[in-house]
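In what follows, a structure is listed as structure tokens, so that the remarks can point back to it.
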Amino acid sequence: CHEVYNHGASLQEYALLKYLQELGHDVETISYKPDYLGGHFDFLKVSNEKYAKNILLKIAYLAVKFPTRLKNLKRKRSFDAFSMKYIKSTEKTYYSNQELLNDVPVADTYICGSDQIWNSFFQNGKDPAFYLDFVPDSKRKISYAASFAIEKLAPELTDFVKEKVSRLDSISVRESSGVDILKSLGFHDVTQVLDPVFLLDKNVWNDL
């Protein structure tokens with residue numbers, strides 16, 4: 001998940017890009033920012049519909065939230081500075097799987113992961129883009145340390161996940177529970193790997 005202002009997501013993204021660069025590859029992140037992952041720093045956003053329907057309640061809600069959102073703006077700027085300096089990403093930003101399908105970023109190989117990209121408690125786990133749905137069949141597709149972050153899939157999602165994962169050429173996940181989920185769907189050539197932060201030597205982190 002790109003630029004979601006979370007330490008774990010940012011450091012995993014940095015580590016995988018850095019490791020692949022050290023192997024001699026030219027890599028970049030696809031700047032993918034669907035609506036459900038955005039809006040964290042929108043000063044006028046009202047998350048609770050109860051407050052959104054009444055103008056007085058809405059004003060009170062926004063007033064209460066304002067100090068926290070102002071403080072979080074400083075956090076956002078720090079993450080943006082880190083991303084600008086260390087995370088190479090596509091010039092174009094995409095906001096939906098359909099936009100990706102309409103204008104597929106050019107690459108030889110596509111990797112999804114790591115992070116909780118397949119966590120179906122959240123919308124990203126139900127988003128075809130995080131399963132590389134937009135990538136043509138002729139291109140190599142890999143998951144690296146993808147995480148479901150749950151023990152079992154909801155029954156209504158099993159067909160969706162099975163269909164999307166079946167298009168991947170190589171599958172690795174972060175947790176043993178992810179291996180079990182995929183085995184239950186008929187995928188047996190699945191590798192469990194460490195979080196990508198462990199791909200880098202500790203001296204790299206000390207220097208950073």
Side-chain angles (χ1 to χ4, degrees), residues 1-4 6 8-17 19-20 23 25 27-38 89-90 93-199:
C1 299
H2 178 60
E3 291 186 354
V4 289
N6 172 283
S10 296
L11 295 180
Q12 291 168 63
E13 183 178 21
Y14 169 81
L16 188 54
L17 290 173
Y19 181 74
L20 291 169
L23 292 179
H25 299 292
V27 296
E28 64 181 0
T29 291
I30 295 174
S31 181
Y32 181 57
K33 298 183 178 182
D35 290 343
Y36 63 83
L37 287 179
S89 61
T90 55
T93 295
Y94 300 83
Y95 298 96
S96 69
N97 185 58
Q98 189 59 52
E99 284 190 16
L100 286 161
L101 281 164
N102 293 342
D103 184 16
V104 181
V106 178
D108 298 310
T109 299
Y110 298 78
I111 303 174
C112 57
S114 62
D115 207 5
Q116 296 183 23
I117 57 166
W118 293 347
N119 185 346
S120 55
F121 278 139
F122 302 107
Q123 188 59 35
N124 40 278
K126 305 166 190 173
D127 184 344
F130 281 110
Y131 299 83
L132 303 178
D133 176 73
F134 59 91
V135 180
D137 290 335
S138 59
K139 296 287 187 174
R140 186 163 176 77
K141 298 168 288 296
I142 297 170
S143 75
Y144 184 81
S147 173
F148 287 97
I150 54 176
E151 297 296 320
K152 279 187 174 182
L153 280 178
E156 65 271 18
L157 289 174
T158 55
D159 288 344
F160 168 81
V161 172
K162 185 173 183 177
E163 177 199 345
K164 300 307 177 188
V165 172
S166 68
R167 296 187 67 246
L168 300 177
D169 299 293
S170 183
I171 307 165
S172 71
V173 291
R174 196 169 66 186
E175 292 94 8
S176 56
S177 57
V179 175
D180 292 339
I181 286 172
L182 291 173
K183 282 185 175 178
S184 73
L185 297 178
F187 299 100
H188 298 286
D189 190 13
V190 179
T191 306
Q192 184 183 4
V193 295
L194 290 171
D195 187 295
V197 297
F198 295 105
L199 292 171

### Message
Is there a side-chain contact between Tyr14 and Pro196 in this structure, where contact means two heavy atoms from C-beta onward sitting under 4.5 Å apart?
### Response
no

#### Entry: Greater than 12 external heavy atoms within 6.0 Å of Phe160's CZ
yes

### Query
Rounded to the nearest 0.5 Å, how far apart are SG of Cys112 and CG of Leu168?
5.5 Å

### Query
Given the rule in the side chain to side chain contact (heavy atoms under 4.5 Å, CB included) test, do Leu16 and Val27 qualify, once you have shown the distances and angles that lead to the verdict?
CA-CA 10 Å; Leu16 188 54; Val27 296; over 6 Å; no

### Query
Under 6.0 Å from the CG atom of Asn102, do we count more than 12 heavy atoms belonging to anything else shown?
yes

### Message
Tell me the closest heavy-atom pair linking Val161 and Tyr131, and the distance in Å.
### Response
CG2-OH, 3.7 Å

### Query
Measuring from His2:NE2 to Leu37:CG, what's the distance to the nearest 0.5 Å?
11.0 Å

### Message
Run the salt bridge (charged side-chain N to carboxylate O under 4.0 Å, His left out) test on Asp108 and Arg140 for me, step by step, so that the C-alpha distance in whole Å, both residues' side-chain angles and the decisive distance to 0.1 Å come before the verdict.
### Response
CA-CA 7 Å; Asp108 298 310; Arg140 186 163 176 77; over 6 Å; no

#### Entry: Asp169 side chain vs Lys141 backbone, donor-acceptor pair below 3.5 Å
yes

#### Entry: Shortest non-hydrogen contact from Ser177 toward Ile150
OG-O, 3.6 Å

### Message
Determine whether Thr29 and Ser89 satisfy the following criterion, side chain to side chain donor-acceptor pair (under 3.5 Å), listing intermediate values before the conclusion.
### Response
CA-CA 4 Å; Thr29 291; Ser89 61; over 6 Å; no

### Query
Roughly how far apart are Asn119 CG and Phe122 CZ, rounded to 0.5 Å?
5.5 Å

### Task
Start with the C-alpha distance between Asp133 and Leu101, add both sets of side-chain angles, then the distance that settles side chain to side chain contact (heavy atoms under 4.5 Å, CB included), and finish with yes or no.
CA-CA 8 Å; Asp133 176 73; Leu101 281 164; 4.2 Å; yes

### Query
Hey, would you say the Tyr32 and Tyr95 ring centroids sit under 6.0 Å apart?
no

### Query
Shortest non-hydrogen contact from Glu99 to Tyr94?
OE1-CA, 3.6 Å

#### Entry: Over 12 non-hydrogen atoms of neighbours within 6.0 angstrom of NZ in Lys126
yes

## Note on the structure
Rounded to the nearest 0.5 angstrom, the CG-CD1 distance for Leu20 and Ile111 is 5.0 Å

### Euclidean distance, Asp189 CG relative to Ser170 OG, rounded to 0.5 Å
7.0 Å

### Summary
Heavy-atom closest pair (Ser172 atom, Tyr144 atom, distance to 0.1 Å) is OG-CA, 3.2 Å

### Query
Is a side-chain donor or acceptor of Ser143 paired with a backbone partner of Ala146 at a separation under 3.5 angstrom?
no

### Query
Taking the side chain from Trp118 and the backbone from Phe130, do they hold a donor-acceptor pair closer than 3.5 Å?
yes

### Task
Kindly indicate whether the side chain of Lys139, heavy atoms from C-beta on, has any atom under 4.5 Å from the side chain of Tyr110.
yes

### Over 12 non-hydrogen atoms of neighbours within 6.0 angstrom of OH in Tyr19
no

### Message
Does Glu151, at its CD atom, have more than 12 non-hydrogen atoms belonging to other residues, nucleotides or ligands within less than 6.0 Å?
### Response
no

### Query
What is the minimum heavy-atom distance between Ile117 and Cys1, and which atoms define it?
CG2-N, 4.1 Å

### Query
Mind checking whether Leu100 and Ile30 have side chains closer than 4.5 Å, heavy atoms only?
yes

### Task
Answer whether the closest heavy-atom distance between the side chains of Gln116 and Arg174 falls below 4.5 Å.
yes

### Task
Over all heavy atoms of both residues, which pair between Ser147 and Glu175 is shortest? Give the atoms and the distance, please.
OG-OE1, 2.9 Å

#### Entry: Between CG on residue Asp159 and NZ on residue Lys164, distance to nearest 0.5 Å
11.5 Å

#### Entry: Stepwise side chain to side chain contact (heavy atoms under 4.5 Å, CB included) test for Asp127 and Asn97
CA-CA 8 Å; Asp127 184 344; Asn97 185 58; 4.1 Å; yes

#### Entry: Ser114 and Gln12: CA distance, side-chain angles, deciding distance, side chain to side chain donor-acceptor pair (under 3.5 Å) verdict
CA-CA 7 Å; Ser114 62; Gln12 291 168 63; 2.3 Å; yes

#### Entry: Ile142 and Leu132, any side-chain heavy atoms less than 4.5 Å apart
no

